[in-house]
> 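My questions will all concern the structure given below.
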Amino acid sequence: MGSSARLIVQEYKSRITDKQFATRRQEDTMKSHTSLLALLYNKGALVYSDLQATAYRSHRASSREKKVYCISDDGIVLAGTGLVSGIKYVAEKAQILLQVWKSRNDGRLVPPQEAGDLISGIIDLNPGLDSAFLMGGYDHERDRPLIANIADGCVMQTNLFESLGSGSIYVYPRGEVISRKVLSRLPQEKQERVVVFQDIYDALDQLEFPLEAALPLGLDAIASGPQCDVFSGGEGFQVMQVDCKGVAEYILSKENAQKALKLLHGQEYAAVLPGKKRKKDTLPGLEGLMEIFEICRRR
């Protein structure tokens with residue numbers, strides 16, 4: 001008989017509790033200083049982050065900090081905002097507990113829901129982490145992706161996207177625009193049935209939202225964080241892609257991100273110009289955008 005995530009958390013309680021995170025800090029101490037975005041597309045999930053890390057509340061500690069971790073090759077990634085040591089601690093402990101879960105459950109692929117419970121259990125036991133998390137995963141048993149916001153031990157799913165961090169105030173509206181555009185492509189009778197977040201999951205395989213469209217649109221949304229939030233930025237962006245085949249990672253420099261966004265914005269503007277036909281040679285399509293991402297692919 002297998003073990004549930006909650007049972008494993010209780011069994012390993014002493015090993016996943018750290019004295020430096022044992023005491024909850026003052027309510028106003030958490031300064032996240034980053035931009036994070038998780039986005040569903042019809043065959044998987046994408047998790048984005050800028051590369052800047054901030055220390056001492058207002059000083060740049062790094063402009064090359066990866067914040068999205070692959071914690072299971074079964075298709076689970078975790079992005080954190082807040083205290084860097086807290087983010088790395090949770091990612092490390094979650095990776096260990098996921099291996100335990102798999103060994104206790106006859107080698108089954110880890111469902112994202114169980115991963116979320118493991119992560120929230122670690123957070124509950126360490127109230128002084130000063131960190132919050134976005135998770136992306138692929139549920140191989142249900143054959144669909146999943147994204148979630150994990151804060152204060154609560155696993156929340158709310159939309160086609162999730163955003164987090166101090167740049168979220170700018171990223172969130174862009175995510176809403178993407179969501180509305182994508183859902184507007186559904187037939188009218190199906191649009192009317194998309195009310196709560198579960199309806200989005202039920203309609204996911206019917207959405208006209210492939211990876212080739214999601215990757216650049218998500219980049220456009222996450223880029224609004226560094227453009228407006230002085231504590232977001234760094235030398236580029238990190239993107240993790242999760243689907244039924246596993247996990248892929250992209251690291252885009254500022255230059256490559258700007259190149260991709262220039263192509264995207266040019267296409268969007270050309271599409272609304274009345275009576276104008278796009279010249280194939282001067283404005284590459286989705287293929288040109290994907291070539292940039294493939295150049296930046298790390299795994």
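Throughout, numbering of the chain's residues begins at 1 and tracks the sequence. Quick caveat: nothing in here was measured; it's all calculated off a predicted structure.
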> To the closest 0.5 Å, what do you measure between NZ (K102) and CG (D73)?
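If I round to the nearest 0.5 Å, the distance is 8.0 Å.
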> Quick one: does L204's side chain get under 4.5 Å of P145's, heavy atoms only?
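Yes. Closest side-chain heavy atoms under 4.5 Å.
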> May I have the step-by-step check of side chain to side chain contact (heavy atoms under 4.5 Å, CB included) for L217 and E268, ending in yes or no?
CA-CA 11 Å; L217 287 176; E268 290 177 336; 3.7 Å; yes
> Would you kindly confirm whether I96 and V90 end up in one hydrophobic cluster when ILVMFWY residues are joined by side chain heavy atoms under 4.5 Å apart?
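Unlinked, I96 and V90 end up in two clusters.
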> Checking the side chain of S168 only, and the main-chain atoms of V171 only, is there a donor and an acceptor separated by less than 3.5 Å?
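Side chain of S168 to backbone of V171: no pair is present.
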> Is the closest side-chain heavy-atom distance between S72 and Q95 below 4.5 Å?
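Result no, sub-4.5 Å side-chain heavy-atom pair not found.
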> Check L146 against P112 and note the closest heavy-atom contact, atom names and distance.
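Smallest heavy-atom distance, with atoms named: CD2-CB, 3.9 Å.
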> Counting C-beta onward and ignoring hydrogens, is there a side-chain heavy-atom pair between R193 and D199 closer than 4.5 Å?
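With C-beta onward as the side chain, the pair stays apart.
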> Any donor and acceptor pair, going by atom type alone, linking the side chain of N126 with main-chain N or O of I123 inside 3.5 Å?
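Here the side-chain-to-backbone pair does not exist.
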> With a 3.5 Å cut-off and no angle check, do the side chains of S179 and N159 form a donor-acceptor pair?
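The criterion, which ignores hydrogens and geometry beyond distance, is satisfied for N159 and S179.
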> For Y41 and L207, what are the C-alpha separation, side-chain angles and deciding distance, and is it a side chain to side chain contact (heavy atoms under 4.5 Å, CB included)?
CA-CA 8 Å; Y41 63 98; L207 297 179; over 6 Å; no
> With hydrophobic residues grouped by side-chain heavy-atom distances under 4.5 Å, do M135 and L160 end up in a single group?
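Yes, one cluster joins them.
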> Checking D205 against R144 for the salt bridge (charged side-chain N to carboxylate O under 4.0 Å, His left out) test, could you report, in this order, the C-alpha distance in whole Å, the side-chain angles of both residues, the deciding distance, and whether it holds?
CA-CA 8 Å; D205 60 350; R144 71 181 192 189; over 6 Å; no
> For atom CZ of F197, decide whether the heavy atoms of other residues, nucleotides or ligands shown that lie under 6.0 angstrom number more than 12.
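Yes, the 6.0 Å shell around CZ holds more than 12 heavy atoms from other groups.
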> Do Q238 and L51 come within less than 4.5 Å of each other through their side chains, counting heavy atoms only?
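Sidechains of L51 and Q238: in contact.
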> What are the two closest non-hydrogen atoms of L219 and A260, and how far apart are they?
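Of all heavy-atom pairs spanning L219 and A260, the closest is CD2-CB, 4.0 Å.
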> Thinking salt bridges, do R174 and D220 make one under a 4.0 Å N-O criterion?
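Yes, charged N to carboxylate O under 4.0 Å.
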> Within the 3.5 Å criterion, strictly below it, is a donor on D139 or Q113 matched to an acceptor on the partner's side chain?
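Yes, a side-chain donor-acceptor pair sits under 3.5 Å.
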> For a 4.5 angstrom cut-off between non-hydrogen side-chain atoms, does L186 reach Q206?
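Yes, at least one pair of side-chain atoms sits under 4.5 Å.
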> To the nearest 0.5 angstrom, please state how far the CD atom of Q191 sits from the OG atom of S184.
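It comes to 6.0 Å.
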> Keeping S3 on the side-chain end and I8 on the backbone end, is there a donor-acceptor pair under 3.5 Å?
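No; zero donor-acceptor contacts below 3.5 Å.
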> When you compare the side chains of Q241 and Y250, does any donor N or O come within less than 3.5 Å of an acceptor on the partner?
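A pair is found: one side chain offers a donor N or O, the other an acceptor, under 3.5 Å apart.
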> Under 4.5 Å between side-chain heavy atoms, hopping through other hydrophobics if needed: is there a path connecting I76 to F133?
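In one cluster: yes.
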> Do Y48 and M240 pass the side chain to side chain contact (heavy atoms under 4.5 Å, CB included) test, and can you show the C-alpha distance, the side-chain angles, and the key distance before you say yes or no?
CA-CA 7 Å; Y48 299 77; M240 285 285 202; over 6 Å; no
> With sequence neighbours excluded, tell me which residues meet ring-ring contact (aromatic ring centres under 6.0 Å, His included) with Y172.
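Y172 satisfies ring-ring contact (aromatic ring centres under 6.0 Å, His included) with F161 only.
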> Quick one, Q188 and E192 - any side-chain contact, counting heavy atoms below 4.5 Å?
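Yes, close enough: below the 4.5 Å cut-off.
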> Strictly by modelled atom types, are K67 and T81 linked by a side-chain donor-acceptor pair under 3.5 Å?
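T81 and K67 do not have a side-chain donor-acceptor pair below 3.5 Å.
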> Counting only heavy atoms not in R299, do more than 12 sit closer than 6.0 Å to its CZ atom?
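Atom CZ in R299 is crowded, with more than 12 foreign heavy atoms closer than 6.0 Å.
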> Starting from V239, can I reach L40 by hopping between I/L/V/M/F/W/Y residues whose side chains sit under 4.5 Å apart?
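Linked within one cluster.
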> Considering only heavy atoms from C-beta outward, does the side chain of Y201 approach that of Q157 to under 4.5 Å?
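Yes; the side chains approach each other to less than 4.5 Å.
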> Does a donor on one side chain sit under 3.5 Å from an acceptor on the other, for E162 and T158?
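Yes, a side-chain donor-acceptor pair sits under 3.5 Å.
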> Is there a path of hydrophobic side-chain contacts, each under 4.5 Å between heavy atoms of I, L, V, M, F, W or Y residues, that connects V242 with F237?
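Each belongs to a different hydrophobic cluster.
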> Might you point out which heavy atoms bring A221 and L37 nearest each other, and give the distance in Å?
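Smallest interatomic distance, heavy atoms only, reads CB-CD2, 3.9 Å.
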> Return the minimal non-hydrogen interatomic distance between L261 and P216, and the atom names on each side.
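Answer, listing the atom of L261 first, then P216: CD2-O, 4.2 Å.
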> Can you tell me which residue among R297, K66, R298 is in a salt bridge (Lys or Arg N to Asp or Glu O under 4.0 Å) with E249?
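The option that passes is K66.
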> Under 3.5 Å, is there a donor-acceptor pair between the side chain of D106 and the main chain of R108?
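Looks like no, no N/O pair under 3.5 Å.
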> Side chains of Y138 and D74: is there a donor and an acceptor less than 3.5 Å apart?
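Looking only at side-chain atoms, D74 and Y138 do not form any donor-acceptor pair under 3.5 Å.
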> Would you say the side chains of Q258 and N256 form a donor-acceptor pair under 3.5 Å?
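Looking only at side-chain atoms, N256 and Q258 do not form any donor-acceptor pair under 3.5 Å.
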> Is a side-chain donor or acceptor of S131 paired with a backbone partner of L83 at a separation under 3.5 angstrom?
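The answer is yes, because a donor-acceptor pair under 3.5 Å joins these two groups.
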> Quick one: does T17's side chain have a donor or acceptor within less than 3.5 Å of a partner on S14's backbone?
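Side chain of T17 to backbone of S14: no pair is present.
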> Quick one: do D124 and I122 satisfy side chain to side chain contact (heavy atoms under 4.5 Å, CB included)? Show the steps, please.
CA-CA 5 Å; D124 274 342; I122 298 169; over 6 Å; no
> For Y12 and V100, work out which heavy atoms get closest and say how close.
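Looking at all heavy atoms of both residues, the shortest contact is OH-CG2, 3.7 Å.
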> Passes salt bridge (charged side-chain N to carboxylate O under 4.0 Å, His left out), E11 versus R104? Steps please.
CA-CA 13 Å; E11 183 181 342; R104 300 275 184 86; 2.8 Å; yes
> Centres of the F21 and Y89 rings: under 6.0 Å?
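Yes, close enough.
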> As an exercise, state the distance from CD1 of I119 to CD of E114, rounded to the nearest 0.5 Å.
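I119 CD1 to E114 CD: 11.5 Å, rounded to 0.5 Å.
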> With V68 as reference, evaluate V47, V247, I87 under the side-chain contact (heavy atoms from CB on, under 4.5 Å) test and give the passing residue.
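Single side-chain contact (heavy atoms from CB on, under 4.5 Å) partner of V68 among V47, V247, I87: V47.
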> From N42 CG over to L211 CG, what is the distance, rounded to the nearest 0.5 angstrom?
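The CG atom of N42 sits 9.0 Å away from the CG atom of L211.
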> Quick one: CG on L134 to CG on L164, what's the gap to the nearest 0.5 Å?
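The CG atom of L134 sits 4.5 Å away from the CG atom of L164.
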> If you measure from CG on L118 to CH2 on W101, what distance do you get to the nearest 0.5 Å?
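Answer for the CG-CH2 pair, L118 versus W101, is 9.0 Å.
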> Identify the heavy atoms of V77 and C70 that sit nearest to each other, and give their distance.
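What the structure gives for the nearest pair is CG1-CA, 4.1 Å.
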> Just checking K190: does its NZ atom have more than 12 heavy atoms from other residues, nucleotides or ligands closer to it than 6.0 angstrom?
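No, not enclosed.
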> Taking atom CZ as the centre, does R185 end up with more than 12 heavy-atom neighbours from other residues, nucleotides or ligands that are less than 6.0 angstrom away?
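Result for CZ/R185: open.
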> Checking E65 against Q52: is there a side-chain donor and acceptor pair closer than 3.5 Å?
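There is no such pair (donor and acceptor under 3.5 Å, judged by atom type) between the side chains of Q52 and E65.
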